[in-house]
Each structure stands twice: as C-alpha cells, then as structure tokens.
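Beneath this line is the structure, given in structure tokens, with notes to follow.
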Amino acid sequence: MRDKYDFTAIESKWQKIWEEENAFTTTDDQSREKYYVLEMFPYPSGKLHMGHVRNYSIGDVVARFKKMKGCNVLHPMGWDSFGLPAENAAIKHGIHPFTWTNSNINDMRDQLKSLGLSYDWDREVATCKPDYYRWMQWIFIQFYKKGLAYKKDNPVNWCPDCQTVLANEQVVDGCCERCHTPVTKKHLSQWYLKITDYADRLLANLDDLPGWPDKVKSMQRNWIGRSEGAEVTFTIDGSGKDLVVFTTRPDTLFGVTYMVLAPEHPYVKELTAGTEYEAAVNAYVDACAHKSELERTSLTKEKTGEFIGKYAVNPVNGEKIPIYISDYVMMDYGTGAIMAVPAHDQRDFEFAKAFGLDIIPVVDVPDVDLDNLTEAAAAEGIMINSGKYTGMNNKDAIRKITEDLEAAGKGKKTINYKLRDWLISRQRYWGTPIPMVYCEKCGWVPEDEKNLPVLLPTDVEFTGKGDSPLTTSATFRKCTCPKCGGEAEREIDTMDTFLDSSWYFLRYCDAHNEEQAFDPAKVNYWMNVDQYIGGVEHAILHLMYARFFQMVLHDLGLCEAEEPFKNLLTQGMVIKGYTDSEGNYVKAKMSKSLGNVVSPAEIQAKYGSDTARLFILFAAPPEKELDWSDEGVEGSYRFLNRVYRLVFEYIESIRGDEREFAEPVCSNEADKSLNYMLNATIKKVEEDAGGRFNFNTAIASIMELVNEMYKYKQHAEMNLPLFNKAIETLLTVLNPFTPHLTEEMWNQLGHEDRLYAKSWPVYDESALVKDEIEIIVQINGKLKDKFLMPNNSSKEDTEKAARELEKVKEATEGKNIVKVIVIPNRIVNFVVR
RNA sequence: GCCGGUGUGGCGGAAUUGGCAGACGCGCCGGAUUCAAAAUCCGGUGAUGGCGACAUCGUGUGGGUUCGAGCCCCACCACCGGUACCA
C-alpha cells in the first residue's frame with residue numbers, strides 16, 4: 001500500500017460507475033416517502049467557484065443521507081442560462097449568446113460531475129432553451145389572463161450602462177445591482193406583474209415558515225413594508241378638488257400646518273397653470289427630474305421645495321393651510337401627497353424650520369418641552385389642542401379620529417405597502433420573449449398558446465446600444481394579430497431572468513413534458529421542496545418572486561402547495577484573509593480584484609474532490625461565513641489518508657481469512673468502549689447531518705471514531721468481528737461526505753453491493769447504555785471531583801458515595817453542609833457554609 | 001431611526017434541555033521512527049502562580065435570578081446584515 005491514496009484514479013472510476021448504473025436517477029414512486037432537496041441553480045458563467053462547491057456539497061450530503069434513510073430523493077440540477085453576460089460576450093467577441101452559453105453549460109456540467117454530486121441529470125433544464133421558455137411564455141399568458149400582467153407608462157429605473165430598465169429590487173443604494181452604475185429615471189411603457197396584489201399573503205405566510213431563517217423572513221418583511229394608517233381627504237380651497245393623503249398618525253390631524261405634494265404629482269401642473277407661481281414650480285420640478293435616485297433620497301441634504309399658491313382645508317377643523325411641493329415626498333408611495341405635522345414628524349419639522357412654517361404640538365409627549373422643540377416629538381402621549389379629542393391617549397385618538405373621518409366620508413382605514421409591482425421588461429436580447437402582440441385594432445393581445453414558443457430570432461445585431469436588439473431582426477417584429485388576424489407587431493422586450501428562476505423547481509418535477517408546463521399530479525407528489533439551499537443574497541429577489549409565482553400557480557389550480565420551499569438554508573460566504581495595500585491582514589469574500597481567490601480546480605487537482613468537500617463542510621457550520629484555510633484543507637486531506645490507511649491495513653491483515661463475520665460479542669472494556677463509540681457516532685452523525693445540518697460536528701464525531709479505532713488497534717486485543725463492524729460503520733457514515741474514497745474502500749473490502757445504495761445503519765440503543773456513569777462533584781457549584789457510579793444509581797446511593805470522597809471530606813471539614821443537590825447519573829453539589 | 005444577527009484559547013469552531021467551558025481540526029511544543037529530512041505514529045497545549053499535588057481567574061461590559069449561568073432576565077458596548085426623507 002501507499003502512504004497517500006490515489007484520489008485521481010478513484011474519483012474518476014466511481015463517477016463513471018455511478019453514471020453507468022444510473023445511480024441517482026429518480027422515478028415518481030408514490031409508495032415511498034419523497035424528499036426534494038434543491039440547490040439554487042447557477043448562472044452558467046463557465047467556471048465553478050468555491051461558493052458553488054459549498055452550496056452543492058451541502059445539498060449532496062443531504063441528498064445522499066436521505067437516500068440512505070430510505071427516502072425517494074429528488075435532487076436535480078439545471079441552468080439559469082438567460083442573462084446579460086452571454087450578450088456582452090456576443091458584443092465583445094462576436095460569439096452568438098447561445099453558442100457561448102451552451103459551451104459554458106458543458107464545461108460547468110463536467111466540473112459538477114467531477115465533484116461526485118448525486119444529481120439526476122435526466123431532469124436537467126436550461127432556461128434559455130425553447131422547451132423551457134415556451135412554458136415560461138405560457139405561464140406569463142396565464143398571469144395576463146388573470147389580470148396580473150399589465151403594461152404601463154411610468155418613470156422607471158434605468159441603468160445607463162446595462163442599457164436596460166431594472167426592477168426596484170435590482171436597485172441597491174441607488175445603483176445597478178449588477179454593474180453599480182448610478183440608476184437614472186426614464187419614462188417608458190413597460191410590462192409589470194402585479195405582485196402587490198399578493199403583498200398581504202407574501203407577508204402573512206412568512207409566519208407559517210418555521211423552517212426559514214429569521215433573517216430572511218425579516219428581510220422580506222422589511223421589503224414588503226406593511227404599515228397601517230388612514231387615508232384622509234382634504235379639499236383644495238377654491239377648486240373643489242380633493243387631495244387625499246396617507247398617514248399613520250391621524251391623531252396629529254390638528255397639528256397639520258401645511259401640505260406637500262411630490263413634484264411629479266398630477267395636480268401640480270393644473271393647480272399652477274397660468275399663475276404667478278408656475279415658473280418657479282416648473283423650475284423646481286425640472287430640477288428634481290434630473291436628479292438621480294441617489295441624490296434625491298440622500299437623508300443629509302437640506303429640505304427644499306416651492307409654494308404652489310394654493311391652500312387646502314383641514315377636514316377636522318376647517319383651517320386653511322398652504323400647499324407646497326418638495327422632493328422629500330415620493331410619488332410612488334401612498335398617494336404622493338402628505339399632510340405635514342412638523343411638531344411630530346422629523347422631516348416635516350426640518351421643512352417647517354427651513355420655510356418658517358407654524359409648528360403646533362398636539363400630543364403631549366412626556367419629558368419634552370413642547371414650547372421649545374429642537375426636534376420632532378414622535379413618541380406617544382396625551383392629546384392636546386385637538387378639540388374633542390383633547391385628553392385622550394394618542395393611541396385611542398388614532399382609532400377614534402379614523403372612525404369619525406370614515407363616518408363623515410372624509411377618510412378611511414388603509415394599509416400601505418412599500419412593495420411595488422414587479423417591472424419585468426428588459427431591453428435585451430438574451431431572455432424569454434414576452435409573448436404579447438400589439439394590434440392597432442385590438443390593442444395588446446397575448447400570442448395564441450398554440451403558437452408558443454415565440455422563438456428568439458437569430459438574425460440579430462449586437463451593438464450594446466439603443467433599443468432592444470430584437471428590433472434589428474428583419475422577421476421577428478411583424479406578425480398577425482391572434483384575435484383579428486390583421487397586421488400586428490410583437491413586443492420587442494424580453495423578460496427579466498428572475499421570472500425564469502421563479503418556477504424551475506416545478507419543471508424539475510416533470511422536466512420533459514411537451515404537453516404542459518408540468519403535470520400537476522407529479523408536482524403534487526414532489527412539492528414543496530423539502531430543503532432549499534442557496535446564498536443569502538437571494539433573500540429578497542429570487543425567494544420572494546418564487547413565492548409569488550407559487551401562490552399564483554396555486555390560485556390557478558396548477559399545484560396544491562402555496563409555498564415553494566418548506567425549509568431554507570442560506571449558506572454563508574466563502575472568505576479568505578489577505579494583506580491589503582496598507583499591510584493589514586483582513587478577511588473578505590473571495591474576489592479576483594482582491595487576489596484572494598482559490599479555485600476549486602486547483603484544490604481538486606492537489607487533494608481531490610473528497611478533500612474539497614470534506615474541508616468545506618468541516619470548517620464552519622453551513623450558515624456562517626467560511627474562512628478558507630490552506631492548512632485546514634491539508635488537515636482534511638490528512639484525515640482521509642488516515643481513514644485510507646486504517647482500512648487498507650485492516651484489509652491486508654485479513655487477506656485470505658473468512659470475510660463473513662458474526663455479530664460481535666463485546667467481552668472486555670476496550671470492546672465495550674469501541675462498540676459504544678461506533679453506535680454513538682451513528683447517532684451523532686444522523687442527528688447532526690440529517691437533522692440540524694451541522695455537518696462540521698458530524699464530521700468531528702467521525703474523526704473521534706477514527707482516533708478511537710487507532711487507539712483500539714494499538715492497545716486492545718483485536719476482536720475481529722467488532723473491528724470489522726467499526727470499519728464498515730465508519731465507511732457508511734462517512735459516505736455522504738466523501739463518496740468516492742468510501743465507495744472504493746467498501747469495494748476493496750470485497751462487497752459486491754454499493755455503499756450509496758445501502759441503508760443508513762441503525763444504532764444499537766443498548767450499546768449506548770453505559771454500566772458506569774461519571775458523576776460530577778461540586779462544592780458550591782464549583783467542580784471539585786469526579787467519580788464513577790453504576791448506571792441509574794439512586795439519589796441516596798449517589799449522595800452517600802460522594803460524601804465518602806477524600807476531597808469532599810476535606811472541603812466540608814468543619815463546615816456546615818446547608819444543602820445537597822443530587823441529579824442521578826449527573827451531578828452532586830454540596831452547598832457549604 | 002427601525003428590524004434581524006453575532007461576540008468563547010494563537011486561529012476555525014464545540015458545548016443540542018441551565019449541570020465537567022474549550023469537542024474536532026489548524027498552529028505550536030515534545031517524543032518515537034529515520035543516516036537525515038519529509039511523511040507517519042504517540043503525547044502535550046486557556047491564563048496566572050507553584051518543582052509539585054494544586055490554587056486562583058476565565059465565554060464583550062455591568063448587574064440580577066439560581067445550589068449551579070457561555071446558555072435565562074435587565075441595562076449597556078462593539079461589530080455584521082437588511083431597510084429607510086415610506087408619511
């Protein structure tokens with residue numbers, strides 16, 4: 001034998017065998033308990049990085065473990081293969097996006113296979129292929145028919161670099177999520193999905209997802225941003241027009257001293273047209289329009305605005321108050337207009353100070369000097385200066401005033417959400433064509449479902465400039481109206497790729513269906529996903545869109561499950577230390593620009609895939625950041641070689657002997673101890689890897705077993721049946737983590753069957769019952785001594801034995817034992833004074 | 001501001017139900033093996049004091065509950081993530 005095992009030969013050998021044996025092909029076996037484990041499918045960039053390896057190693061352990069536990073496991077993989085990089089490659093290198101994407105998929109599939117991941121490759125999907133996007137288009141049409149897709153002319157987020165619009169969720173700190181270019185506003189007619197119709201359900205259902213991390217749920221709650229309040233109707237003096245505002249503080253209505261409209265508010269033009277205020281107001285509106293999202297939402301800047309020359313009438317007291325415009329009011333939240341209460345709202349306070357407006361306190365907030373306010377008093381208190389509401393608790397006043405407004409037809413209770421409808425049009429080529437047709441006579445009409453897919457044309461020019469590249473096709477645009485048969489034009493924008501990834505988990509259940517998107521019966525067998533695994537960066541975007549889709553498809557009667565992912569595990573990033581330009585050692589996410597990247601390929605070449613998997617699972621619990629350490633990888637490799645030598649030496653030692661072993665009999669302490677250890681390991685790995693997904697501690701316990709076996713081999717008299725059982729248990733429990741080496745050793749032991757197909761071992765409860773238990777002895781809660789007692793000794797016997805101990809006698813001598821706490825099989829604590 | 005999370009040796013991290021703090025691994029120190037080295041095997045490794053058995057201290061800080069607190073409660077500090085002129 002050799003010191004080190006030949007991972008290159010072993011790994012490729014078993015990957016080939018698994019493929020030939022269709023080891024991980026899944027069938028819809030209704031008689032067995034199903035388990036659907038899914039990792040977020042990758043964008044086919046062409047190169048696997050450590051984040052992928054971590055994500056897929058976690059999923060693979062879960063899949064292999066559940067399979068051994070007897071579940072019918074669905075573990076598929078595919079490609080989120082539409083998107084900008086393919087198009088950029090086309091612009092830069094003149095390669096067609098399809099060619100580029102396809103070659104990347106092939107490269108990446110090989111890399112995934114080289115990791116020994118147990119995927120059912122028969123169910124592979126690629127969102128850029130017509131057999132997938134055909135059904136994407138079909139689903140879009142169902143949304144449209146249900147009134148959940150609409151086209152609207154709106155100011156939208158525009159990335160000047162990507163030359164496309166972005167969804168709200170894709171704007172991070174005022175910049176494009178992809179390229180970090182500051183986002184500008186543009187007026188465009190675009191397709192939207194009505195996710196706001198589902199805001200309430202998206203929020204409420206979060207409470208029914210105990211298997212999701214609190215962090216993700218709280219991020220989604222923040223994003224949906226529910227707030228309860230009231231709509232209040234003011235009238236504009238002299239015009240007879242109503243001005244509706246949203247407020248969460250109707251209790252402060254008596255403190256309203258002015259109103260503010262968003263600069264984009266439709267009333268602004270009509271109310272100022274032909275007046276002396278028109279010029280100044282127009283100038284202000286213009287200036288706002290040219291500001292970026294970033295400038296406009298900056299909190300630090302001074303309040304600005306313009307008086308528009310009109311007054312509103314307060315519905316509760318008839319007071320006339322001036323109307324302003326200011327960019328601190330947003331057109332797309334609430335009604336685009338606010339009632340301003342400077343005494344109790346900080347932004348209004350700042351504006352009032354800047355414009356010399358009245359500040360009238362109406363809530364007496366404890367410990368605040370209302371006559372000399374230096375900032376707004378936003379806390380709770382007792383109503384003052386508020387007519388008949390004076391003296392009430394302000395919380396009660398909120399309810400009462402809302403009721404009274406409602407009775408007077410001047411307002412109503414309202415719930416507002418920050419969530420906006422999902423803008424899905426993209427001015428790009430490499431995406432699913434939106435299957436809509438514009439007819440002069442009939443307006444927007446969905447393509448006839450019989451004609452799907454609407455194929456992406458190939459005669460397209462990629463310049464990276466101007467409109468959607470689809471406009472350059474000679475054939476694509478012209479079509480006939482599905483309704484009247486007249487001449488019509490196709491939509492030339494494509495869909496946001498986040499639509500593609502919002503239902504791929506359903507397509508896996510029935511990946512090759514040519515009649516429908518998926519067979520509901522199959523989906524109902526497999527869904528929901530029992531365990532979903534991916535990066536936390538998708539906490540809002542992908543995970544909320546997918547939930548939205550699942551709900552709509554449920555409402556359409558296409559699937560029973562209302563939530564797609566029962567349990568969610570968000571794995572942490574892979575980070576690595578490096579020395580920065582100032583000579584400091586810092587840790588950061590692996591990135592090319594920092595030069596702290598370790599490629600999976602180099603690790604696989606040096607140590608093999610089993611080592612890469614083992615290290616990445618051992619170094620940290622899955623949801624935490626993983627600090628990459630070259631020495632740590634070395635250690636994992638060392639451990640696998642230790643396993644290899646242990647098993648190989650054993651095989652050599654029994655060469656030629658009878659291989660059939662009877663159930664071991666443990667006669668001495670060393671045997672009992674090893675037997676205890678091997679059963680405890682089964683239990684521990686089962687709980688840690690299969691239950692709470694703490695793979696690091698599962699692996700640690702396997703390492704302990706190996707250490708114990710080395711000691712046994714060296715010191716104890718060899719009990720062959722027992723040692724054989726330990727060897728086989730070791731290989732079995734280690735198999736989900738490092739499938740190649742363990743499968744090879746299993747085979748070398750002379751077994752004809754396969755480890756991947758074996759059942760998870762059942763641990764022997766009786767072996768876990770120890771004859772003697774170590775009891776902890778404390779004096780005043782501090783550890784003093786330990787001693788052995790027969791298992792399940794009585795309270796009395798335990799206390800008696802503890803009192804006999806030398807150290808206890810010493811410590812209690814001349815002192816008063818006030819109290820003795822005895823927990824049998826665990827602890828004795830003497831309270832001494 | 002609001003919401004969520006984290007804080008334990010030189011390092012990554014254990015401690016699952018309030019009961020031995022530091023499992024396992026890395027690093028380091030020592031020993032065996034070797035002509036020598038690598039590899040491997042064995043042992044040690046929280047801090048302070050002591051030759052030593054041992055003693056004292058120790059889980060971000062301060063308090064509390066308890067026979068007993070890394071874990072529970074109160075107050076605070078630091079860091080990380082989300083969200084935000086959202087009315």
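Order of the sequence lines sets the chain letters (A, B, ...), proteins ahead of strands, with each chain counted from 1. What you see is a predicted model; the values in this text were computed from it and never measured.
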Between the base of B/rC20 and the side chain of A/Arg826, is there a donor and acceptor pair under 3.5 angstrom? no
Check for me whether the distance between the ring centres of A/Phe355 and A/Tyr258 falls short of 6.0 Å. no
Between A/Arg638 and A/Glu634 (salt bridge meaning N to carboxylate O under 4.0 Å), is one present in this structure? no
At 4.0 Å (heavy atoms only), tell me whether A/Gln220 reaches a base, stays on the sugar-phosphate, or touches nothing. nothing
Atom CE of A/Met573 to atom P of B/rC80: distance rounded to whole Å? 12 Å
Under 4.0 angstrom, heavy atoms only, what part of the nucleic acid is A/Arg221 near: base, sugar-phosphate, or nothing? nothing
Pick base, sugar-phosphate or nothing for A/Gly334, based on heavy-atom distances below 4.0 Å to the nucleic acid. nothing
For a quick test of reading the model: is some side-chain N or O of A/Arg420 closer than 4.0 Å to OP1 or OP2 of B/rC86? no
For A/Ile699 and B/rG13, what is the distance between atoms CD1 and P respectively, to the nearest whole Å? 14 Å
Atom-to-atom span, CG of A/Leu419 to P of B/rC86 - whole angstrom: 17 Å
Residues A/Glu772, A/Lys770: salt bridge by 4.0 Å N-O rule: no
Picking from B/rG5, B/rG82, B/rC85, which would you name as closest to the side chain of A/Asp327? B/rC85
Between A/Asn679 and A/Leu768, is there a donor-acceptor pair closer than 3.5 Å when you use the side chain of the first and the backbone of the second? no
Which whole-number value in Å describes the distance from A/Lys711 NZ to B/rC42 C1'? 10 Å
Once you apply a heavy-atom cut-off of 4.0 Å, does A/Val329 come out as touching a base, just sugar-phosphate, or nothing? base
Check the distance between B/rA87's P and A/Phe349's CZ and give it to me in whole angstrom. 20 Å
Taking side chain as C-beta onward, heavy atoms only, is A/Phe65 less than 4.5 Å from A/Phe737? no
Any base atoms under 4.0 Å from A/Phe351, or only sugar-phosphate, or nothing? Heavy atoms, all strands. nothing
Any donor-acceptor pair under 3.5 Å joining the side chain of A/Lys786 to the base of B/rC20? yes
What about A/Gln778, does its side chain sit under 3.5 Å from the base of B/rG19 through a donor-acceptor pair? yes
